[in-house]
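Letters go in sequence order (proteins before strands), and every chain restarts at 1.
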Amino acid sequence: MPGTVQSIERAAAVLRLLAAGPGRLALGEIAHSLDLAKGTTHGILRTLQHVGFVDQDRASGHYGLGPAMRRLGTSQLDVNELRSFAINWADPLAARTGEAVRVGTVLAGQVLVVHHVFRPDDTFQTLEVGAHLPLHASALGKVLLAYRAAGAVPAAHLDRFTRRTILAPRTLAAELQRVRGAGWAADVEEMTPGNAAIAAPIRAHGGLVVGAVGIDGLVERVCDSRYRPHQQLVAFVRDAARSISRELGGLREAA
Amino acid sequence: MTERYVVAIDQGTTSTRCIVFDRRGRLVSVAQQEHKQYFPRPGWVEHDAAEIWRNVERLAPEALRQAGIDAGQVAAIGIANQRETTVLWDRRTGHPIGHAIVWQDTRTDDLVRELRRRPGAAVVEHDSALPMATYFSGPRISWMLDHRPGLRQRAERGEILFGTMETWLIWNLTGGLHVTDVTNASRTMLLDVHTLDWSPAALTFFGIPRAMLPQVRASIGGFDTARHAFPGVRIGAALGDQQAALFGQTCFAPGEAKCTYGTGSFLLLNTGDELVRSTHGLLSTVAYQIEGGPAAYALEGSIAITGSLVQWFRDQLELIASAPEIETLARTVTDNGGCYIVPAFSGLFAPHWRSEARGVIVGLTSYITKGHLARAVLEATAWQTREVVDAMNADSGLDLSTLRVDGGMTADNLLMQYVADVLDVPVVRPLAAETVSLGAAYAAGLAVDYWPDLEGLRQNWHRAAQWLPTMDPAARDREYRNWQRAVQRTFDWTRPS
Ligand SMILES: Nc1ncnc2c1ncn2[C@@H]1O[C@H](COP(=O)(O)OP(=O)(O)O)[C@@H](O)[C@H]1O
C-alpha cells in the first residue's frame, strides 16, 4: 500500500490491543505483544494519552482506553467543558466589540448554544444557553457546517427565516467554501431581520473544529453601509477563537 | 500623551499574578507563577515568603513586556493578597524566619482551645469582632514565638517583624517600609476594629510585642513608592483578596454583596460605616478605607468546601474526568433523588463553626445514581450559600436583593440557576471575571486619581449573565428543611481525644 504511515498503524494496533481486554496493560506487555521496542511504544502511548485516547492509571502506571476514545463518535468535547475553556475569552470579546457573544456546537442537526455573554449595555437580556439555532442561517452554524463539526451536514430542505436566508443548496455550498477559505462566517439578516452576526471556528487537538464563537447585534453596528461586516469586529472574533483553540490544544504555537 | 495603565499584584494561595489593566478596567496582560506548597505534617500548610517575593520580581517585568509598556507608563500598583497567612522576618537582613504559615493551617488548634478559656478572651473577641479560631493570624504569631527559642526576646527588642503577605510585599517593594492595610489587619484578631489600630488588650492576651507589628494604614492611598520590581511607581492600594473582589464587583453601597465561588466560597456584604456584629456566626471585617475617610465594613460568610467538593468528586471518587463534567452528569437526572451531601470535611465554617463536624451523604437508596450524587454536590454549594445569606439578612436587617458572583464555579449554569432558585433572588455575573485583581487595580487607580471616583468605577461594571429564580416556593422550603436535617447529622462526629 503506497503512502501508509507506520506510526499510525502501530497506534491503531495499540488501541485494538487495549480495547480487546477488560483490564489495563503495562508498557512492557504492550511492547511485547506488538513486538515493538519499549521506547517506540512509550512514544506512541504518550501521544495517544495527549489526545485523550489512552489514559494511565496513577497508582499502577498501567494503560487503558481514555475517555475521548469512549466518546468517539458521540460528542467530541463535553459542552460544559467547552464553556469553561471559552469563558475567559468570551468576556473580553463582548467588552471589545460591545456586542453579545455566543459559543455554539452541533446537536441533532442544529446549533446548540453552550455559552452566552450579554451585550455589555446593562439592558434586560435573557440567558440563552441551551437554545437552538439553524445551521444554515446563523454565522455559528455556517462555521460548524463548513468544517463538518461533529459530522454536521446541511439539511435536505433549508427553512426560510427572512428574505435573505440562503435556500438553494448550491448557494450554501459556495458560501461554505468561502467560509473555509476566509476562516470566518457571517449572517447578515439571514436569521432575524435587522440583525447580523460574525463567527469563527474553535479547534481542539489536531485542528479538529469542535465549536464556534461569535458575536451578534444590530446590522448597522455589525456591518458597514454596504452590509459587509466591519473588519475590526471580524479580527476580534477570530482572535477570540484562536485564544480558545490555543487553550484546547488546537493551535500549534508559532515560535 | 502616552497611554497609562494600572498594575495589580494578586498574591494568592497557589500562585502570584501580575496583571495590567487599562483605563476602562480591561485586562491587557497577565503573568502568573505558582509557588511551592509545603505540608510538613497533617494539618500544616506553609509557603516560602522569599520564593513569593522572587516570583513578584520576575513577574513584574514579564507583565510589562507582554503589555508592551514600561514602568513609566504605570500610574499605580494595587496589591490583593491571600489573607491571614503569617510571615515573620529579620528586620536587619530581611530574611524570613522559617516558612510562612498559611491561612488553611490548623496547627494552632490546641492553642486556640486553650486561649478560649483564658481570661480576657471575650475582650479580644469583642475588640477584633472575630471569634477565637485557628483561621486568624494572632494565634499563629503566638505559636511561632513559643516554638522558636529566643524569638520572643528578639521580637521584644524589635529585631523580628510580623506581616501578612501585603506587608511582606510592601516591605520588599519599598525596601523597608513596614506597614499593613486595615483590611488585612482586621484578620489578625489583633486590630481593634473601632479605633482601627492595634488593640493593647489583644497584644497582651496573645503575648505579642508591639515592636514587631506594622503600622496600620488606610487600604487606599496610604503607601509609598516602590523601589524594586516596579521602580518609581506609587503603591496605590492594598486589600485582602476577598475585600478586593468586593471592590472589583463595585459593591460600594450598604446592602450590596458578592460571592466568590472557588475552592472555598466567600460571601461579603457591604454594611457601610456601621460595624455590624454578627449573632449568627458571620465575621465582621473591614471592607476598605480610603485615606482620610471612614472605614467601610462588611459582614463575611466563609464556606470552606465548595469547588473542592467537585475536585473530590473528580479526583477521589473518579466519577468525572474534569470539573465542568459535573454539570453534564448532574443533567442526566432531574432532581437529587432524595440524596444530600454535606461536605464538612474538616468541620463546618459559617454560620455553624463546628470543627468537630464531619461530612455525610444521606438519603441513599438503591435508586441513587452517580447523576443524583453530582446534583447533590452542586446543591451543597447552593444551600451553604443560602445558610450564609439567611444569617446575613438576620444580622444586618438588610434583605439581599441580588447576588453578584465570580470565580471558577460561575461557569456552571446549573449551579448558578440553583443558587438563584434557593436564594430566591437574581444572581448576576459581571463581564470582568478577574474581580480580585480588578478590585486591587481599581483601588490603586483611585488613589492616584487615575479614576476620579467610585461612581466612575461603577460605569465599568457590566452584566455578562443573569439567572432568575424559578423554583416553586413549597419545593424550596421542603428542600431547605431536608438540607438542614442533613447538616444536623454532621455534628459531634469527632470527639476530642
Ligand atoms: N463547571 C464547573 N462546575 C463546578 N465546579 C467547577 C466548575 N469549573 C471549576 N469548578 C471548581 O471551581 C474551582 C476553581 O475555581 P477558581 O476560581 O479557579 O478557584 P481558586 O481561585 O479558589 O483556586 C475548583 O475547585 C473546581 O472544582
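- Contacts of A:Val117 with chain B are made by both backbone and side-chain atoms, with heavy-atom separations under 4.5 Å.
- Checking side-chain atoms of B:Arg463 against main-chain N and O of A:Thr123 turns up a donor-acceptor pair under 3.5 Å.
- Using a 4.5 Å cut-off between heavy atoms, A:Pro92 makes no contact with chain B at all.
- For B:Leu468, the part lying near chain A is the side chain, with the backbone staying farther off; criterion is any non-hydrogen pair under 4.5 Å.
- Between the side chains of B:Gln32 and B:Ser15, at least one donor-acceptor pair of N or O atoms lies under 3.5 Å.
- Of all the listed residues (A:Pro120, A:Gly130, A:Ser84), the one sharing the greatest number of non-hydrogen pairs under 4.5 Å with chain B is A:Pro120.
- Distance check, rounded to the nearest 0.5 Å: CG of A:Leu18 to OH of A:Tyr63 gives 10.0 Å.
- Neither the backbone nor the side chain of B:Gln459 comes within contact range of chain A; no heavy atoms are under 4.5 Å apart.
- Counting heavy-atom pairs closer than 4.5 Å to chain B, the top-ranked of the candidates A:Arg58, A:His115, A:Arg83 is A:Arg83.
- With chain A as the partner, the residue from B:Gly408, B:Ala464, B:Pro430, B:Ser322 showing the most heavy-atom pairs under 4.5 Å is B:Ala464.
- Proximity to chain B (any heavy atom under 4.5 Å) is restricted, for A:His116, to the backbone atoms N, CA, C and O.
- Not one N or O on the side chain of B:Thr435 forms a donor-acceptor pair closer than 3.5 Å with the backbone of B:Ala245.
- Side chain of A:His230 to main chain of A:Cys223: a donor-acceptor pair is present (N/O by atom type, distance under 3.5 Å, no hydrogens or angles).
- With no hydrogens or angles considered, no side-chain donor-acceptor pair links B:Asn413 and B:Gln417 at under 3.5 Å.
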